[in-house]
Amino acid sequence: MANSFATQLTAALLVACLATAVRADDETPQPSPSPSAQAPSGQNPSGQKGRAGRGEAGSGASAAANTPAAEQHRLPPDSTTKQSVALPGRTLNFSATAGSIRVFDDKGEPLADIAYTSYQLDGAEKASRPVTFLFNGGPGSASAWLQFGNVGPWRLPFDGAVASASPELQPNADTWLDFTDLVFIDPVGTGYSRFVTTSEDARKRFFTVDGDANSVALVIRRWLEKYDRLTSPKYVGGESYGGIRGPKVVRNLQMQQGVGVRGLILISPVLDFRDYTGSSLLQYVASLPTMTAVARQAKGPVTREDLADVESYARGDFLLDLVKGQADTEATARLADKVASLTGIDPAVSRRLAGRFDIGEFRREFDRKNGKVTGRYDASIEGFDPYPDSSSFRFNDPSGDPLMAPLTSAAVDLTTRRLNWRPDGSYHLLSESVSKGWEFGHGISPPESVTQLRQMLALDPKLKLLIGHGLFDLATPYFASKIILDQLPAFAGPSRTRLAVYPGGHMFYSRDGSRQAFRKEVEALVK
């Protein structure tokens with residue numbers, strides 16, 4: 001889930017990201033001894049292992065053992081428990097592991113413990129059993145949104161949640177565990193993942209676009225080695241900023257880690273920050289269908305098919321009038337009036353803004369007469385504006401903020417009580433220190449992952465891409481992804497890339513029908 005998205009969209013004007021070389025090791029005895037692996041020095045993987053078997057520690061292990069700061073901050077040994085969940089028509093028995101993988105620099109110095117939670121179905125053949133690695137976005141978000149809102153064996157109801165809602169998890173009838181094992185990764189600084197070094201340089205290694213993707217790819221490879229799953233069919237899934245991270249992780253796995261991936265699943269992704277920043281006219285094109293969907297859903301159910309006229313207008317006459325600019329007063333008036341009629345915004349306000357609605361302006365103006373604002377993650381959800389008479393925006397997100405407390409409590413309770421893994425320190429669902437410290441780079445090109453999408457699809461003609469979006473998501477509007485997919489070469493056509501759009505917001509899976517429909521899409525991709 002995106003965190004402080006408006007701030008990060010501005011920060012995204014800073015670009016050229018630092019790529020980082022790290023390596024990972026794991027020294028916990030459960031469930032099996034695990035070899036260390038030398039990460040790429042620069043960009044080239046060495047494939048070397050740090051220890052041959054139980055009791056034979058490599059240089060990484062030696063460095064960790066002799067580093068008091070690392071031992072002081074390290075996470076506890078992995079905990080593997082046997083679990084069972086009764087679901088309609090079947091019972092799933094599986095091994096659940098809460099643990100971490102230690103990441104080192106190329107000198108063998110420990111940098112961070114990156115936490116994961118994995119679920120592996122009992123009795124499955126490892127070589128043929130798919131495994132899917134999942135993460136959220138932010139930057140600065142733990143993977144709990146996907147784990148407990150959509151994919152995992154237990155689910156916390158999101159729809160209609162309030163801050164005081166019970167954090168009690170329920171069996172998830174729509175879990176993906178039926179057809180794939182699951183590994184949820186919390187990048188460093190999120191969840192229980194943490195630095196084990198006091199070096200400020202470590203933050204520069206991880207809190208960058210490429211350094212982050214490299215470290216996640218490395219952890220995926222290490223998990224595969226640890227659990228003897230290198231021959232399993234592999235999939236990667238990411239949400240929100242996961243749209244930037246996901247393609248870069250897959251590309252790194254292909255080229256640096258020596259791991260092939262069969263499919264990439266992106267949920268409410270941002271693929272190119274250039275669409276949302278500066279003077280780009282595409283930001284207005286991308287958001288208009290979503291704003292219209294919000295207005296129409298207030299009168300009744302809406303599907304993407306109901307927005308065909310708006311999509312046609314957005315990429316046609318609307319874009320043409322935008323390009324003409326405000327110097328053309330007739331085009332501007334025509335555009336503003338049309339936008340007002342589609343979105344339900346006061347025509348006088350639309351004319352004042354020349355029909356160019358910033359996300360925040362739409363959220364406030366849509367139901368301003370009643371002193372309410374819409375959500376950014378789900379604009380079909382409204383809440384009271386705490387300062388309705390203020391001349392500036394002073395409201396948060398009624399579709400996202402209420403989930404913070406119950407989701408955090410649910411994640412901590414499951415990890416410590418049911419999975420028997422008890423790290424010290426705090427669990428960070430959304431980390432401000434990560435989001436504020438994130439380095440998007442320096443230069444004139446905001447971060448994008450379309451380059452990696454093209455490269456990975458061109459490299460492997462069998463690799464497939466599935467993107468899911470919610471109709472009412474103003475954080476990452478679905479039409480932005482549609483525009484990007486339409487620009488891909490013929491080799492990445494509809495037989496390999498699919499866009500599915502459902503009623504709902506950024507976490508469209510909070511709605512039962514949307515969650516179930518998307519699960520079918522994922523199952524078809526994996527099978």
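If you're wondering where the values come from, they're calculated on a predicted model, not measured in any experiment.
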Between F206 and F195, is the gap from one ring center to the other below 6.0 Å? yes
Any ion pair linking R376 and D473 (charged N to carboxylate O, less than 4.0 Å)? no
Under a 4.0 Å threshold between the charged nitrogen and the carboxylate oxygen, would E432 count as salt-bridged to K436? yes
Between the side chains of N420 and R418, is a donor N or O closer than 3.5 angstrom to an acceptor N or O? no
Salt bridge D181-R129, side-chain N to carboxylate O under 4.0 Å: yes
How close do S118 and V183 get, counting heavy atoms only, and between which atoms? CB-CG2, 4.0 Å
Quick test of your reading of the model: are D378 and R511 salt-bridged, counting only N-O distances below 4.0 Å? yes
On the ring face of F491, is R496 found with NZ or CZ under 6.0 Å from the centre and within 45° of the axis? no
Specify the closest pair of heavy atoms between L429 and A144, including all atoms of both residues, with the distance to one decimal. CD1-CB, 3.7 Å
With Y116 as reference, evaluate T97, L134, D186 under the side-chain contact (heavy atoms from CB on, under 4.5 Å) test and give the passing residue. T97
Ring centroids only, cut at 6.0 angstrom: are F133 and Y235 within range, meaning strictly under it? no
Show the nearest heavy-atom pair for residues Y502 and S514, with the distance to one decimal. CB-OG, 3.4 Å
One should read off an interatomic distance between T497 OG1 and L264 CG, to the nearest 0.5 angstrom, of 11.5 Å
I want to know whether Y241 and W145 have ring centres closer than 6.0 Å. no
Listing, residues 457-470 side-chain donor-acceptor contacts under 3.5 Å, not counting sequence neighbours, or none:
residue	atom	partner	partner atom	Å
D460	OD1	K462	N	3.0
H469	ND1	T476	O	3.3
H469	NE2	S481	OG	2.7

Go through the steps for W154 and F94 under the test ring pair (Phe, Tyr, Trp, His ring centres under 6.0 Å), then give the verdict. CA-CA 13 Å; W154 298 283; F94 55 95; 5.7 Å; yes
Euclidean distance, L419 CG relative to T80 OG1, rounded to 0.5 Å: 9.5 Å
Check the side chains of R251 and Q452 for a donor-acceptor pair under 3.5 angstrom, ignoring hydrogens and angles. no
Are any of the side-chain nitrogens in R155 or D174 under 4.0 Å away from the carboxylate oxygens of its partner? no
Are any of the side-chain heavy atoms of Y119 and L92 separated by less than 4.5 Å? no
Any donor-acceptor N or O pair under 3.5 Å, side chains S95, K82: yes
Interatomic spacing from CZ in R205 to OG in S199 - rounded to 0.5 Å: 7.5 Å
A side-chain contact here means heavy atoms from C-beta on lying under 4.5 Å apart; do F135 and L146 qualify? no
Do NZ/NE/NH1/NH2 and the carboxylate oxygens of E439 and K204 come within less than 4.0 Å? no
Between CH2 on residue W421 and CG on residue L414, distance to nearest 0.5 Å: 12.0 Å
Just checking R454: does its CZ atom have more than 12 heavy atoms from other residues, nucleotides or ligands closer to it than 6.0 angstrom? yes
Enter the distance from I244:CD1 to L266:CG here, rounded to the nearest 0.5 Å. 10.0 Å
Rounded distance (nearest 0.5 Å) linking atom OG1 of T451 with atom CG of D272: 8.5 Å
If the condition is salt bridge (charged side-chain N to carboxylate O under 4.0 Å, His left out), which residues does E523 pass it with, not counting sequence neighbours? R519, K527
Parallel, tilted or perpendicular, judged at 30° and 60°: which one describes the rings of F158 and Y509? tilted
